[in-house]
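Read through the structure below, which is laid out as C-alpha cells, and then see the notes.
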Amino acid sequence: MISRNSVRTVFRATCLTVMGTLPVSALADNPMVIHEVKRDRSQPLRDLAASAQSVPSAAQQTPFPQRTGAAITSSQPDPVAHVPSGAQVSVRVGLNFEGLSAADTVASGGPFVPPDTNGAVGATQFVEWVNVTFEVFDKATGATVMGPTPGNAFWKGFGGTCETHNDGDIIIQYDKSSGRWVAAQPVFSPPFLYCVAVSTTSDATGSYNRYAFSLPAGAFPDYPKVGVWPDGYYASFNIFSPSFAGALACAYDRSNMLAGNPATAICFQEPKSVGSLLPSDLDSKTPPAPGEPNFFVDLADSTHLNLFRFHVDFANPSNSSFSGPTLIGVAPFSELCARATDRACIPQPSPGERVDSLGDRLMYRLAYRNFGDHESLVATHSVEGGAFSGVRWYEIRNPGSSPFLFQQGTVVDPSLDYWMGSIAMDKAGNIALGFSVSSDSVDPSVAVVGRIPSDPLNRMEAPLFLVNGTGVQVNSFKRWGDYSSMSVDPEDGCTFWYSQEYYKTTGGFNWSTRIAAFKFDSCKTQGE
C-alpha cells in the first residue's frame with residue numbers, strides 16, 4: 001500500500017467496486033437536479049485558519065494518473081510546429097516570487113505529487129492553492145497575507161467530510177464580475193461530494209457562503225475543473241464507476257450562492273467517449289450575450305476538438321440542455337507520451353526520473369473574452385514535438401454563433417521539452433502561454449511565450465524563462481502537474497499571473513512553485 005504522503009491521485013477500485021456502474025445512457029440526455037446537502041455562512045477564514053487541521057482521507061492511493069480513453073495518435077508530422085525566434089516575448093515582468101512548496105504542505109497531510117498547482121488573482125490578492133494547502137498573497141508586494149493553510153480550512157466548522165477531508169484536486173477561482181472568490185474541492189470517499197465556498201467580499205480571508213453538493217451514486221469525481229459564467233459556476237468531472245464512465249458537466253446556481261440562499265446544481269452525464277472537459281471561464285468585463293450558453297471543449301481525435309454548449313435553467317431544469325458536439329478541425333497531432341507504458345516520457349538531467357505529461361487532455365483554463373466584434377476562446381495541451389514534447393495552442397472565435405479556428409500553433413524547441421501549459425488572453429488581444437521546460441541537460445524550469453495581435457498568425461514570440469530550475473525530481477512516481485494556472489488581473493485586464501511547479505533542490509516530494517506577474521507593453525491599463 002502506498003502511503004497518503006506519497007501521492008495524491010486516488011485509487012478508484014478500492015472504494016467503488018461495490019457501488020455498481022453509473023447508468024450513463026440513462027443520464028446522457030436528461031438533466032439531473034442535485035440539491036445541496038448542506039449550506040451555511042462561515043466566520044472569517046482568517047479566524048478559522050488558526051485551528052484548521054487536515055485529516056487524511058481513508059481512500060487508498062495510486063501513483064498513476066487515470067486514463068480516460070485510447071491514446072490519440074496521428075501518422076502525420078505536426079504541420080503547425082514552430083520554434084519561436086527573434087526577441088523574447090515582449091512582456092515586462094513585475095513580481096516574480098516563490099509560491100508554496102512541498103514543505104509547506106506537511107501540516108496539511110502532505111507532501112503529495114503532483115502538486116496540482118492552481119492560482120487566481122483578485123482585486124488586491126493572489127491566492128495559490130496546491131493540492132492540500134493554500135496561501136493568500138498581497139498582489140502589490142507578494143507578501144503573505146495568510147498561510148500556508150490546510151485547504152479544508154474553507155469548511156472549518158461546516159461539519160461532515162467537507163471539513164474533515166482534504167483530498168486535493170482543488171480549484172481556486174475569482175468571480176471577476178461580482179468580486180468574489182470561489183473555492184472548490186471534492187471528497188474522494190463515499191458518499192462523494194463537491195464542496196464549494198463563495199466569499200462574501202473580495203477579501204479572500206473573509207467569510208464564505210459554503211455548500212456541499214452530492215454527486216450521482218457511485219460517481220467518483222476525478223480531476224474537476226471550474227469556469228465562471230454569468231448564470232452559473234460550471235464544473236466538469238471525470239467520472240469513474242469504477243472504470244471511466246465519461247465526463248460529468250454541472251452548473252451550480254451562482255446567483256443563489258452569491259447570496260447564500262439554497263442552491264441546486266444541474267448536471268449532464270456524458271458517455272465514456274467524452275472526457276476531461278473544460279468549461280469556459282469569463283475573463284472580459286464585457287459579458288457574453290444574454291442567455292449565451294457556457295462552452296465545454298475536449299479533445300475529440302487527432303484532428304478535431306469537440307465543442308459543447310451548456311444552457312442552464314435553474315427555474316425550469318427541464319429546459320436545460322447540453323448540446324453538441326460541434327467538431328472544430330485542427331492540425332494533426334499525437335498525444336504526448338501516448339506510447340509510454342506509464343505515460344512518463346519527459347526527461348530530466350541525471351539522476352532525475354522521467355515524468356508524465358497528461359497529454360491526453362486540454363490543460364486548465366478554457367479562457368473566454370468578448371471583444372464586442374468577436375468572441376475568443378483560447379486553449380492548450382501537450383503534444384509530441386521538438387525534442388519530444390511541445391505545447392499546442394488554439395484560438396477559437398465566435399463559439400456562440402459560427403465557431404471557427406482562427407489560429408493555432410505548436411511551440412517546440414529542438415533540444416527542449418515543453419509541456420503542462422496554461423493559456424490566457426488580455427483585453428488587448430495579447431496571448432500568454434506558460435509551461436514547464438526540461439531536457440536531459442536542463443533542470444525543470446518555468447517559461448512563457450506570447451503574441452500580440454500584429455504578430456503573424458499562428459506564431460508566438462520567443463520564450464522568456466521566469467525561473468531556472470536548480471534541481472530534479474526523483475523517486476516521486478514520475479508525477480508532474482497535474483496542471484498549472486494562467487490568470488488575468490480583473491482590475492486592469494492586462495497583467496497575467498502564472499503559477500507553476502519547478503524544483504529548487506534535487507529530491508523526492510520536495511517540489512517548489514513559482515508565481516510571476518507580467519504584462520505586454522501594448523496593453524493599456526485604463527478601461528476595457
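Index from 1, following the sequence. What you are looking at is a predicted structure, and each value in this text was computed from that prediction instead of being measured.
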Decide, yes or no, whether a salt bridge links [X] with [Y] under the criterion of side-chain N to carboxylate O below 4.0 Å.
X: Glu98; Y: Arg514; answer: yes
X: Asp283; Y: Arg365; answer: yes
X: Arg254; Y: Asp175; answer: yes
X: Lys478; Y: Asp356; answer: no
X: Asp489; Y: Lys139; answer: yes

Without swapping roles, check the side chain of [X] against the backbone of [Y] for a donor-acceptor pair under 3.5 Å.
X: Glu128; Y: Val136; result: no
X: Trp229; Y: Glu292; result: yes
X: Thr105; Y: Val132; result: no
X: Asp167; Y: Phe188; result: yes
X: Asn256; Y: Ala259; result: no
X: Glu375; Y: Asn398; result: no
X: Trp181; Y: Ser202; result: yes
X: Gln473; Y: Phe509; result: no
X: Arg210; Y: Cys195; result: no
X: Ser42; Y: Tyr208; result: yes

Checking side-chain polar atoms at under 3.5 Å, does [X] have a donor or acceptor matched by the opposite partner on [Y]?
X: Asn294; Y: Ser280; result: yes
X: Ser284; Y: Arg369; result: no
X: Asp203; Y: Thr201; result: no
X: Glu501; Y: Thr513; result: no
X: Ser108; Y: Thr133; result: yes
X: Ser207; Y: Thr200; result: yes
X: Asn510; Y: Ser101; result: no
X: Glu135; Y: Thr144; result: yes
X: Ser484; Y: Tyr498; result: yes

Where do Asp360 and Ser276 land on the side chain to side chain donor-acceptor pair (under 3.5 Å) test, with the steps shown first? CA-CA 8 Å; Asp360 63 339; Ser276 301; 5.2 Å; no
Please name the pair of heavy atoms, one in [X] and one in [Y], separated by the smallest distance, quoted to 0.1 Å.
X: Leu282; Y: Pro288; value: CD1-CD, 3.9 Å
X: Phe134; Y: Ala153; value: CE2-CB, 4.2 Å
X: Ala212; Y: Cys162; value: CB-SG, 3.7 Å
X: Ser357; Y: Ser382; value: O-OG, 4.2 Å
X: Asp301; Y: Ile72; value: C-CG2, 3.6 Å
X: Ala204; Y: Val127; value: CB-CG2, 3.7 Å

Give the intermediate values and the outcome of ring pair (Phe, Tyr, Trp, His ring centres under 6.0 Å) for residues His35 and Phe213. CA-CA 7 Å; His35 296 273; Phe213 292 95; 9.5 Å; no
Between [X] and [Y], ring centroids under 6.0 Å:
X: Tyr502; Y: Trp480; answer: no
X: Tyr252; Y: Tyr211; answer: no
X: Phe220; Y: Phe192; answer: yes

Quick one: pull up OG in Ser321 and CG in Asn30 and give me the separation to the nearest 0.5 Å. 12.0 Å
Nearest-0.5 Å distance, CZ of residue Phe314 to OG1 of residue Thr264: 5.5 Å
For side chain to side chain donor-acceptor pair (under 3.5 Å), just list the numbers for Glu395 and Ser376, CA-CA rounded to whole Å, side-chain angles, deciding distance to a tenth of an Å, and then say yes or no. CA-CA 6 Å; Glu395 181 185 356; Ser376 286; 2.6 Å; yes
Checking Lys156 against Phe158: charged group under 6.0 Å from the ring centre and within 45 degrees of the axis? no
Is it possible for you to check whether Lys225 lies under 6.0 Å from the centre of the six-membered ring of Tyr483, through NZ or CZ, and within 45° of that ring's axis? yes
Where do Val145 and Phe137 land on the side chain to side chain contact (heavy atoms under 4.5 Å, CB included) test, with the steps shown first? CA-CA 5 Å; Val145 175; Phe137 300 91; 5.7 Å; no
What's the verdict on ring pair (Phe, Tyr, Trp, His ring centres under 6.0 Å) for Phe322 and Phe310, showing C-alpha distance, side-chain angles and the deciding distance? CA-CA 4 Å; Phe322 189 85; Phe310 192 159; 5.5 Å; yes
